[in-house]
Amino acid sequence: KGATGINLKCRKLRYVFHQNKMQTVTLIPGDGIGPEISSAVVKIFQAANAPVSWEERNVTAIKGPGGRWMIPPDAKESMDRSKIGLKGPLKTPIAAGHPSMNLLLRKTFDLYANVRPCISIEGYKTPYTDVDLVTIRENTEGEYSGIEHQIVDGVVQSIKLITENASRRIAEYAFEYARNNQRSSVTAVHKANIMRMSDGLFLRKCREVAESYKDIKFTEMYLDTVCLNMVQDPTQFDVLVMPNLYGDILSDLCAGLIGGLGVTPSGNIGANGVAIFESVHGTAPDIAGLDLANPTALLLSGVMMLRHMGLHDHAHKIQKACFDTIREKKVLTKDLGGNSKCSEFTADICRRVQDLD
Amino acid sequence: MTFWGLGGPKWWQQASRSVSISASLSRVESPPARADATFKVTMLPGDGVGPELMTAVKDVFKAGDVPVEFDEFHLSEVQNMASEDKLEELLSSMKNNKVAIKGKIHTPMEFKGELASYEMRLRRKLDLFANVVHVNSLPGYSTRHNNLDLVIIREQTEGEYSSLEHESVPGVIECLKIITRAKSRRIAKFAFDYATKKGRNKVTAVHKANIMKLGDGLFLQCCAEVAQLYPKIKYENIIIDNCCMQLVQNPYQFDVLVMPNLYGNIIDNLAAGLVGGAGVVPGESYSAEYAVFETGARHPFAQAVGRNIANPTAMLLSAANMLRHLNLEYHSHMVSDAVKRVIKQGKVRTRDLGGYCTTGDFVHAVVENLRHRPNY
């Protein structure tokens, strides 16, 4: 009894230590509906007593010395210090002369892995139930290398780049993620029967990394077979790892299975321990400022962030409150099928979080 | 009536004789005259369950007295039966017959020498540039999305499947994706012509031009140019990842989809999954001169070989489409109606549709239903 008593005290002390230790997070509200959903998330985190102190920064493209486009230096400095970021939707103006903001962020922090967990939401009915999978996508090379040229008039060549280092890095991240989140299997998605050298290299690296993670089951599947099986029975998949283009398509496909981009969280992991969690929907300029937006995607990304920071209790509380609110169907925003305002939805979740305490 | 005055029947005989002589001079190698007006079709069983599916087609055709004879060729990359001479034999057979029915020739992941797979080479030699997959819900078999009716048209000779790869330095591999204006225009024109012929309302181009601005941008531009020649058909475009999401949420907004090679592979399989899997979706490939009929989602399904569990629906429906292409409307309806009736009755279903029957049982049921056909 004495032993358990001491253990309990140690655990409580650690808990209290964690509770008091405020972690800084860089908050990038974004454009359009970004500011309102960010403030909704901040309110909910406050109601849950999450030990998070927010540093708000704006990200716009500015021309740095040497003519290269970059993000504002105070944003970069804040992120380098805090290592964790939560980002709302950023608009990409067409013909602005600079690359998209998301691309700039990716290049600045070397965000090589995009992680999207897709879990069916109980109250939000889609034809697909029991979806519980994670797509991990290599985010720096592959088909999106951006290297294109017109050889002769009417003939265009795009280059798909696969390197050993990037493939190994993403495979290692996928297995680490599976181990840290108690996932049982990792499936590599590829098209090595057609792109024999490039996807062949990706597959070889995945197989090599799998050797060091014998506790996790490793399978490989062709991209078309995955698509075929995914829409018939998504429960057979667990963690999927793949190069850039396939990842883009499959992660959006899985988002569609659970209800769309308005309810899907997403995280980007960078090379120096930097992690930026974001909502992947657009800025929705038509409803900006009207208190109609749905903060679920950003909130679930925030929950993902809490898990990444080790604050599992708070993460669980907030997620449960959010899912309960959606399941009750009393205060839902328009895109979820209800009539309520964003502030009412947020208030309901805050109330539930406080009740759960 | 005036030509009777010019010498009547004699003049007519002379005129017709000269026409037939000139015709035979222009033909280089005329095939021997067929005795009883059967059509000759080249057949390639392929790998995996291909041979079993072909047997199913032959059984049904025999039971239905369909006037089609098959020229069989057994080509396979995995079984080392792929050589240049076999390919040449096949090509000359195709030149005579113009129509083929085939299974999937499996592409092993290890390559010896050439990067292009056997099937890719065949496609290029015959210039089968358009792949059409008919995604129709089967009456009597309900899935999460019912009453679907989509056509997916895919460019299948260029794009990401160029087989041009090289290792620039150890550990860095480049793979080239080629898009040309000529081929993009060709597939766009094919798509709009197909939509016009089949009475479809809308053609949607699928692309990723926001990222691959030059490559897919060129494809999109060609589609838009061709769309202006067909004012009656509505033209839209959609980005591939949004398209996948919309297909699982609301597939009814699409009608005819046209896209480059890789996206076609993904969307074919996705849409096949929506209506019941690879076993129920027929497809065909066209070139300017040839038509090759096959299944829509092309998988060898090697794990089912010898177990008699493969679903022959897709191959039988594709064979029915082939009969329509040969203008054998009556037989085409006979075969497709029989297959649809068996599925609707729901008593005989293969494993992929939730039943326990074997391929043989299913074929037997189709043959039975052939005999009960109503007289048109």
Side-chain angles (χ1 to χ4, degrees), chain A residues 92 100 126-128 143-151 153-165 167 190-203 222-233 244-246 248-257 259-261, chain B residues 106-111 115 117 120 143-145 160-167 170-182 208 210-218 240-242 244-249 262-263 265-274 276-278 297-299:
Chain A
T92 301
S100 79
T126 59
Y128 301 89
E143 295 81 349
Y144 293 6
S145 55
I147 313 172
E148 293 187 292
H149 28 268
Q150 180 160 267
I151 312 178
D153 182 43
V155 178
V156 172
Q157 174 179 300
S158 279
I159 297 191
K160 161 178 165 165
L161 203 60
I162 300 273
T163 57
E164 204 175 304
N165 289 336
S167 306
H190 63 97
K191 265 209 95 55
N193 53 344
I194 302 288
M195 290 182 244
R196 304 204 215 197
M197 279 175 82
S198 32
D199 280 356
L201 174 63
F202 178 79
L203 202 54
Y222 291 131
L223 173 64
D224 43 8
T225 313
V226 170
C227 286
L228 188 64
N229 293 342
M230 180 76 78
V231 290
Q232 295 186 288
D233 180 23
N244 213 334
L245 175 71
Y246 314 150
D248 191 11
I249 297 174
L250 268 184
S251 57
D252 276 2
L253 175 61
C254 298
L257 295 177
L261 294 178
Chain B
H106 182 56
T107 313
M109 283 201 280
E110 300 75 34
F111 55 97
L115 277 176
S117 68
M120 203 55 210
T143 55
R144 293 182 179 95
H145 310 271
E160 295 83 348
Y161 292 23
S162 59
S163 317
L164 295 164
E165 298 180 284
H166 46 268
E167 189 158 17
V172 175
I173 296 189
E174 268 188 2
C175 173
L176 302 178
K177 161 179 165 163
I178 313 278
I179 302 266
T180 55
R181 182 174 292 138
K208 189 90 191 157
N210 52 344
I211 306 283
M212 291 187 245
K213 300 191 171 77
L214 286 184
D216 285 354
L218 178 60
I240 171 80
D241 38 5
N242 191 15
C244 287
M245 206 179 331
Q246 297 299 323
L247 273 171
V248 289
Q249 294 187 301
L262 179 68
Y263 312 146
N265 187 225
I266 295 172
I267 305 258
D268 276 350
N269 282 276
L270 215 172
L274 291 177
R298 301 185 276 224
H299 300 268

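Please read all numbers here as calculations on a predicted model, not as lab measurements. Numbered from 1 within each chain, the chains take letters A, B, ... in sequence-line order.
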Heavy-atom check, side chain of [X] versus side chain of [Y], under 4.5 Å:
{"X": "A:Leu261", "Y": "B:Met245", "answer": "yes"}
{"X": "A:Ser158", "Y": "B:Ile179", "answer": "no"}
{"X": "B:Met212", "Y": "A:Tyr144", "answer": "yes"}
{"X": "A:Asp224", "Y": "B:Asp268", "answer": "no"}
{"X": "B:Leu176", "Y": "A:Ile159", "answer": "yes"}

What residue, out of [options], has the most heavy-atom pairs lying under 4.5 Å from chain A?
{"options": "B:Ile211, B:Leu164, B:Leu274", "answer": "B:Ile211"}
{"options": "B:Arg298, B:Met120, B:Glu160, B:Lys208", "answer": "B:Lys208"}
{"options": "B:Arg181, B:Lys213, B:Gln246", "answer": "B:Arg181"}

In terms of heavy-atom proximity below 4.5 Å to chain A, should [X] be classed as side chain, backbone, both, or neither?
{"X": "B:Leu262", "answer": "side chain"}
{"X": "B:Ile266", "answer": "both"}
{"X": "B:Ser117", "answer": "both"}
{"X": "B:His166", "answer": "backbone"}
{"X": "B:Glu167", "answer": "both"}

* To do: Identify, with sequence neighbours excluded, every residue that meets side chain to side chain contact (heavy atoms under 4.5 Å, CB included) alongside B:Val172.
  => A:Leu161, A:Thr163, B:Val169
* Residues B:His106 and A:Asn193: side-chain donor-acceptor under 3.5 angstrom -> no
* **Pair A:Tyr246-A:Asp199, side-chain donor/acceptor within less than 3.5 Å** => yes
Examine whether an atom of [X] lies under 4.5 Å from a heavy atom of chain B, and if so say whether it belongs to the side chain, the backbone or both; otherwise answer neither.
{"X": "A:Thr126", "result": "neither"}
{"X": "A:Leu203", "result": "side chain"}
{"X": "A:Ser251", "result": "neither"}
{"X": "A:Leu223", "result": "side chain"}

* Asked: If you count heavy-atom pairs under 4.5 Å between each of A:Gly259, A:Gly154, A:Pro127, A:Gly200 and chain B, which one has the most?
  -> A:Gly154
* At what distance, to the nearest 0.5 angstrom, does CD1 of B:Ile240 lie from CG of A:Leu245? -> 8.0 Å
